[in-house]
There are 2 protein chains.
Amino acid sequence: MSGVMNETYSIKELADEFGVTPRTLRHYEDQGLISPERQGQNRIYHGADRVRLAWILRGKRVGFSLQEIGAMLDLYDVGDGRETQRAVTVERCRERIHALEAQRDDINATIDELQEFCELIANLKRDKKSGTWVRRDTGEPLGTYAPRKTA
Amino acid sequence: MSGVMNETYSIKELADEFGVTPRTLRHYEDQGLISPERQGQNRIYHGADRVRLAWILRGKRVGFSLQEIGAMLDLYDVGDGRETQRAVTVERCRERIHALEAQRDDINATIDELQEFCELIANLKRDKKSGTWVRRDTGEPLGTYAPRKTA
DNA sequence: GTTGACGTTTACGTTAACGTCAAGTTCAAT
DNA sequence: ATTGAACTTGACGTTAACGTAAACGTCAAC
């Protein structure tokens, strides 16, 4: 094994790589999401920290709070290993999966509506008479949501 | 047509139906996301407002900010209708779709990892020697992320 | 006629997730 | 020996998305 896998990173290196600031990494550490090694005062990040960070940031993109992400990461730290505790972990894990699937459904529904709308707009034409926009196929006008009297 | 479609709602009725508070609806109004009719001081919500609210809340579940949701709703309000403006709308619409698809990919990746992990945990057994948890199939131990010296 | 449920506006409070100084250290380079 | 770059720890500032409380109007019910 060539020692290429034992790479370490300074806080700025890791931050830059993931497009965040050092402050963000320190914040995640404050929240107990990562705990890098120390050399004196300075933080030294290893591969495992890098993987964790990637997980955290993906969690953020998915819309989770740092708390929720922390809870999910805790699942991975089985640690002691009481038998019942293990069952709880599995249960929580499945809950998260269901939540994620629900969210995916929401996203799909949103995509579908945007898609429909996008095509509708792309196929509009001017109405000779009214000078307003109508559908190229049916000639139907658009239902606009009217702001009621901002007065 | 029986007049059942012209139903209106008080602020609390609508709020209750969607599991939010009246304050939330007023806030969305402040942000220009909905603008219900008024009877004197009081707000009267119609079907169109209800649909909008559903959209907003789904947007929230998907992880969008109220600003972003407002921008997406603006897409639907084609309004004036300059030709170039229409093209811009279509373009922005497609951008949003791509962002949502990327987010869906993230969700799928997260689901996959949780799924794998969940099955892994479900198939653990105790190691006679070490007294620690190992995989039922390979006997391999778990890689735990070690918090480094909280001292 | 007053209580209670609902509505209103105004305005300050709260939490999350950092941003943004300030003030100090450490270490290599000039 | 001093500059500069990168690190550190406070600690206060900021934005978003409401919560919460104050002070008031309205109308049906008792």
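Computed from heavy atoms alone, side chains included, the values below leave out hydrogens, waters and symmetry copies. Order of the sequence lines sets the chain letters (A, B, ...), proteins ahead of strands, with each chain counted from 1.
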Sequence-aligned protein contact record of nucleotides 6-14 of chain C, with B where the base is within under 4.0 Å of a protein heavy atom and S where only the sugar-phosphate is: -SBB-----
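- Under the side-chain hydrogen bond (donor to acceptor under 3.5 Å, both in side chains) criterion, D30(A) pairs with no residue at all, not counting sequence neighbours.
- Whole-Å rounding puts the L33(A) CG to dA16(C) P distance at 13 Å.
- The side chain of K60(B) places no N or O atom within less than 4.0 Å of a non-bridging phosphate oxygen (OP1 or OP2) of dA17(D).
- Applying the side-chain hydrogen bond (donor to acceptor under 3.5 Å, both in side chains) criterion to T21(B), with sequence neighbours excluded, gives T24(B).
- Distance CG (L57(B)) to P (dA17(D)): 13 Å, rounded to an integer number of Å.
- Rounded to whole Å, the distance from CG on D30(B) to P on dC18(D) is 12 Å.
- Both L124(A) and Y145(A) belong to a common hydrophobic cluster when Ile, Leu, Val, Met, Phe, Trp and Tyr are linked at side-chain heavy-atom distances under 4.5 angstrom.
- For dG19(C), one of the phosphate oxygens OP1 or OP2 lies less than 4.0 angstrom from a side-chain nitrogen or oxygen of T24(A).
- Applying the side-chain hydrogen bond (donor to acceptor under 3.5 Å, both in side chains) rule to D127(A) yields the partners S130(A); only residues at least two apart in sequence or on another chain are considered.
- With respect to E29(B) and R43(B), a salt bridge is recorded, a charged nitrogen being found less than 4.0 Å from a carboxylate O.
- For the side chain to side chain contact (heavy atoms under 4.5 Å, CB included) test, no residue two or more places apart in sequence or in another chain qualifies with Q41(B).
- By the salt bridge (Lys or Arg N to Asp or Glu O under 4.0 Å) test, K12(B) is found to be paired with D16(B), residues two or more places apart in sequence or in another chain being considered.
- Of the residues in residues 63-73 of chain A, none lies under 4.0 Å from DNA chain D by heavy-atom distance.
- One interatomic measurement links the two molecules: CD of Q39(B) to C1' of dT26(D), which rounds to 14 Å at whole-angstrom precision.
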Hey, can you pull the donor-acceptor pairs under 3.5 Å for the side chains in residues 93-102 of chain A, sequence neighbours left out?
| from | atom 1 | to | atom 2 | distance (Å) |
| --- | --- | --- | --- | --- |
| H98(A) | ND1 | R94(A) | O | 2.9 |

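- OP1 or OP2 of dC18(C) has at least one side-chain nitrogen or oxygen of Y28(A) nearer than 4.0 Å.
- The side chain of T21(B) contributes an N or O atom lying less than 4.0 Å from OP1 or OP2 of dG19(D).
- Per the geometry, CG belonging to L25(A) stands 13 Å off P belonging to dT9(D), to the nearest Å.
- Among pairs with a residue in residues 113-125 of chain B, those fulfilling salt bridge (charged side-chain N to carboxylate O under 4.0 Å, His left out) read R58(A)-E113(B), at least two apart in sequence or across chains.
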